[in-house]
Amino acid sequence: MSTLHEPAPETEGTAPMIVHDAPGSGHGERERPKPSGRLTDGLNPPQKAAVEYRGPALLIVAGAGSGKTRVLTHRIAGLIETREAWPSQILAITFTNKAAAEMRERVAALLGQASDGMWISTFHSACVRILRREAQKMGLPATFTIYDSADSRTVIKRIIKARDADTLGFTPGGVSSRISKLKNELTDDEAFARNANMGDPKEVEFLAIYRDYTRILRAAGAMDFDDLIAETVYLFRAFPDVAALYRRRFRHVLVDEYQDTNHAQYALIREFTEPVTAELSAQMQRDGLHVERLLDSTGGIPGASLTVVGDSDQSIYAFRGADIRNITEFERDFPGASVVLLEQNYRSTQNILSAANSVISNNFDRKAKNLFTTVGDGEKIVGYTGYSGHDEAQFVADEIETLHRAGMAYRDIAVFYRVNSQTRPLEEIFVRSALPYRVVGGTKFYERAEIKDAMAYLIAVANPIDELALRRILNTPKRGIGPATETALQSFAETNEISFREAMRSAGALGLGPKVTTAILALAAVLDESAAKVDPENPAGVTSVSDLLTFLVTESGLHETLRTSRDPQDETRAENVEELVAQTKDFDRENPGATLVDFLTQVSLVAAADELDDSSGTVSLMTLHTAKGLEYDAVFLTGIEEELLPHKMSTNEPGGLAEERRLFYVGITRAKKRLHLSLAMTRSQFGDTSVAMPSRYLQEIPAELIDWRQSPGMANSRGGTQPRALNARRDGRSLGPGIGGGFRDAPTPGLKPKTEWPNRITAEVRDNGDLELVAGDRIRHANFGDGRVTQVTGEGSKRVAHVQFDAAGPKKLLIKIAPIEKIA
DNA sequence: CCAGGGGCGTTTTTT
DNA sequence: ACGCCCCTGG
């Protein structure tokens, strides 16, 4: 187990010359092979410089849309093509799996060969890969479970309850975010104990909770998201010989989205790029590893070459520990570093860029950077103020239909918002308008209860000591094992110093009722049988993930219970379980030889953006955070209101307003051709409706760039006469003199201030049953008034009426639920 | 042990 | 408005 971190055998012994010249280091301008013109043609000078740079550290400051992925992929391809590096010597870290997949594809396309051997993955995937290999050293099972935030919360909730810590004001949310922050700072429970103020009872209690949490995860053989990074750092620090193996292997480390790295990730990068001492190099050589070609004059292996790409203007993850100093102080951290600035934008029109530049320039403390393009001004930005979230959504839907009729594909259109709850009105209107859409992220498939249940069965098989998983499935489906029984099992396990799972096997010794005992033993038997199926030692061979899951959901009764339940919602749940089985089938097919643990890992580490399917013919809905790194022909930024963007939670946090502004900036710069900004005058939350004000950021965009279809200055929430200045606040005070001019000045030819809302859109939904409509029918719509049906498409419950409304124009309506009736 | 009702907190963003 | 949690009565 000690020396298996070899690059693929065929690369051994023929490792290419590593050229590692820091600028000015003396032995520089030897005839180093340059990447062929093929890889630099068509690049602008700074891009070319970034591709061709050779040295210890390179920072690519890449403005939005400046072609950083292109630079990164060409840089990697160049290193391979010139034989300066083997694929196995490349480690590239991206933010999402999707970005990793894209990079892998593009590198492979450039090289005309597969990128096998390279590690191109997210921080978390790379760490899991390392940790599973080295698990034994860390005293962990190689099959350790990865706990998501919900799992952590469950554990913390139990700890708080067991300790009665809520009386001291501890909440699961508060504790989990604090623990997460500490782990991101590489402060584990013991480090925290050393610095904690033990005079403060709350601190003492928090430490106790942190310790319990650490202990419980350890005992369950589980890691949370933050552990994945931190434990890898600890692994490298505790085992220099292990670190040396990875440092020897990865000669080129490239990190994307560097502005969003937190301290632990920064420390990890440092670990990867440290040199290997002469001593350890000699040790590896004695172990039969080839190191000769890597050695420098000191007899050690120099640190890997590091390339980071980032843009501090797009730093939007401070809330989860991202430290912008990682990028701003890069040159100090890595002496000898070079910096390349990419400012030419290849994505957006000048109007969009001008708006973006103008907004972001309000953040002081930033390095000047000005995006420019040569593609011309393009269309103006379109603005719209709706009466309500539904009205805003209707605008978005109508505008999308207009774009679509003009030839834009749905998949090239995206709608962004600040918080997930904004999807509700959007979805309601989109469904009614028969607009094909997809919500990216949000409530994920894998977060559904029935899916987590089914997954817990798989986890219980893969990692039998995971008590959380076991307790989840203990009484799911209902088999009469209640909390009392659960506690009995747990204390039996504790007194006999056996695992929960073993306690289940010995259920007969607990003196429980016969029914309960039988139920526990039956479940234990199903799990044991399953474990045998995936035991690599099993002479009959290993069962595929899909067959295993089918066995589990069948034998446990989970599927059957849902299928035959009286609760109508359980029908969907049963279908979801079936969908999961289908997904495991896909997984088995696409990953021959992959194990159950591989499947569980993959599921644990999917990011919202990974779900995006470029070939889908649908409009994409997502949060501004998820949108980072993506681009669309047409972008709709919704809810550009005070308290939403900037979000009210951010306003009190230091740097919060600047971060929210960056979020707006990220949103704007996703748009290639068309940008729409919309807001509503009233916004519903928690059931009641309140007045919303235009976002302060709106006035940071020069007025001449925006074509207001309906400006905030033209209307107010009551349809009354009070003008709404942009810089008005709810309390009536102005945001200050000299900024903005309100929208009263905005040129909006042909539009008069609005006092009525003929198209006030409601959330009204109707069940029309099987209302029959044919072309020519006159109908009346609750919001749009009267109109004439021009066409009916689709079938059954998905029939869509195309209606020409007398006042509101053309719309598509889902007949089954639209608030319509047939007239004369 | 379980189903159903009432009460309450929730929503910032996510690997 | 919704979902979760706790409590009560079967």
Side-chain angles (χ1 to χ4, degrees), chain A residues 93-100 121-128 146-150 152-154 157 161 166 171-173 176-177 180 183-184 223-230 257 260-262 264-265 315-322 416-425 428 440-444 447-449 475 477-486 512-513 515-516 519 565-567 569 601 603-610 622-628 639 643-653 656 659-660 662-664 666-667 683-689 763:
Chain A
I93 307 278
T94 59
F95 204 66
T96 62
N97 296 300
K98 181 168 186 274
S121 70
T122 62
F123 270 107
H124 291 86
S125 303
C127 288
V128 169
I146 300 164
Y147 279 4
D148 66 17
S149 334
S152 308
R153 249 182 128 89
T154 306
K157 203 182 285 176
K161 198 164 178 185
D166 54 335
T171 61
S176 91
S177 84
S180 174
K183 288 185 174 180
N184 286 334
M223 301 258 217
D224 65 24
F225 281 137
D226 305 310
D227 285 332
L228 297 176
I229 313 291
E257 307 284 11
D260 285 323
T261 51
N262 60 35
Q265 291 165 332
S315 161
I316 54 174
Y317 282 104
F319 72 91
R320 74 173 197 213
F416 302 154
Y417 37 82
R418 178 64 177 83
V419 297
N420 284 113
S421 61
Q422 284 173 260
T423 52
R424 196 162 300 169
E428 282 169 8
V440 183
T443 353
K444 282 185 238 133
E447 284 168 10
R448 292 166 194 268
N475 198 31
K478 300 265 186 306
R479 35 173 93 87
I481 308 174
T485 312
E486 189 180 319
L512 297 160
K515 244 180 130 175
V516 180
S565 153
R566 287 185 304 120
D567 185 341
Q569 291 192 314
T601 303
V603 169
S604 301
L605 299 180
V606 288
D610 297 339
M622 68 189 87
T623 65
L624 285 165
H625 285 87
T626 303
K628 192 180 65 161
E643 315 236 300
L644 213 45
L645 188 74
H647 195 275
K648 59 168 174 278
M649 292 300 172
S650 71
T651 32
N652 293 326
E653 278 166 30
E659 175 141 324
E660 296 286 305
R662 289 195 290 270
L663 208 41
F664 189 36
V666 165
R683 186 70 61 185
S684 313
Q685 58 166 4
F686 309 145
D688 53 17
T689 305

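None of these values were measured; they are calculated from a predicted model.
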**Message:** Under 4.0 Å from a heavy atom of chain A: give me the 5'-most and 3'-most nucleotides of DNA chain C that qualify.
**Reply:** C/dA1 to C/dC6
**Asked** Do A/Thr154 side-chain atoms and A/Ala150 backbone N/O form a donor-acceptor pair below 3.5 Å?
**Response** yes
**Prompt:** Should A/Thr626 be listed as having a side-chain N or O under 4.0 Å from OP1 or OP2 of B/dT14?
**Reply:** yes
**Side-chain donor/acceptor of A/Glu486 to backbone N/O of A/Ile481, under 3.5 Å** = no
**Asked** Does A/Asn97 place a side-chain N or O at less than 4.0 Å from the phosphate oxygens OP1/OP2 of B/dT15?
**Response** no
**Nearest to side-chain heavy atoms of A/Met649, which nucleotide of B/dT15, B/dT12, B/dT14** = B/dT12
**Prompt:** So which one's nearest nucleotide on DNA chain B is more toward 5', A/Ser421 or A/Gln265?
**Reply:** A/Ser421
**Message:** For a quick check of understanding: with a heavy-atom distance under 4.0 Å over all strands, which category does A/Lys157 fall into, base, sugar-phosphate or nothing?
**Reply:** sugar-phosphate
Please tabulate, one pair per line, each protein N/O and nucleotide N/O from nucleotides 1-7 of chain B that are separated by under 3.5 Å, including the distance.
residue	atom	partner	partner atom	Å
B/dC1	OP1	A/Gly482	N	2.6
B/dC1	OP1	A/Thr485	OG1	3.1
B/dC2	OP1	A/Gly480	N	3.4
B/dC2	OP2	A/Asn475	ND2	3.3

**Request:** Check salt bridge (charged side-chain N to carboxylate O under 4.0 Å, His left out) between A/Glu653 and all other residues, then give those that pass, not counting sequence neighbours.
**Result:** none
**Request:** Kindly write out the residues that satisfy salt bridge (charged side-chain N to carboxylate O under 4.0 Å, His left out) with A/Arg683, not counting sequence neighbours, or none if the list is empty.
**Result:** A/Glu392, A/Glu641
**Asked** Starting at CD of A/Gln422 and ending at C1' of B/dT10, how long is that distance when rounded to a whole Å?
**Response** 16 Å
**Prompt:** Between the main-chain N or O of A/Leu645 and the side-chain N or O of A/Arg418, is there a donor-acceptor pair closer than 3.5 Å?
**Reply:** no
**Message:** Taking only side-chain N and O atoms of A/Thr623, does any of them lie within less than 4.0 angstrom of OP1 or OP2 on B/dT14?
**Reply:** yes
**Asked** Are the ring of A/Phe123 and the six-membered base ring of B/dT15 within the stacking cut-offs of under 5.5 Å and under 30°?
**Response** no
**Message:** Please enumerate all residues that pass side chain to side chain contact (heavy atoms under 4.5 Å, CB included) together with A/Lys648, with sequence neighbours excluded.
**Reply:** A/Glu643, A/Gln685
**Prompt:** Does OP1 or OP2 of B/dT12 have a side-chain N or O of A/His647 closer than 4.0 Å?
**Reply:** yes
**Asked** Under 3.5 Å, side chain of A/Asn475 to main-chain N/O of A/Gly480, donor-acceptor pair present?
**Response** yes
**Asked** Looking at the rings of A/His625 and A/Phe319, which for Trp means the six-membered one, are their centres under 6.0 Å apart?
**Response** yes
**Under the side chain to side chain contact (heavy atoms under 4.5 Å, CB included) test, residues paired with A/Ser421 that sit two or more places apart** = A/Val419
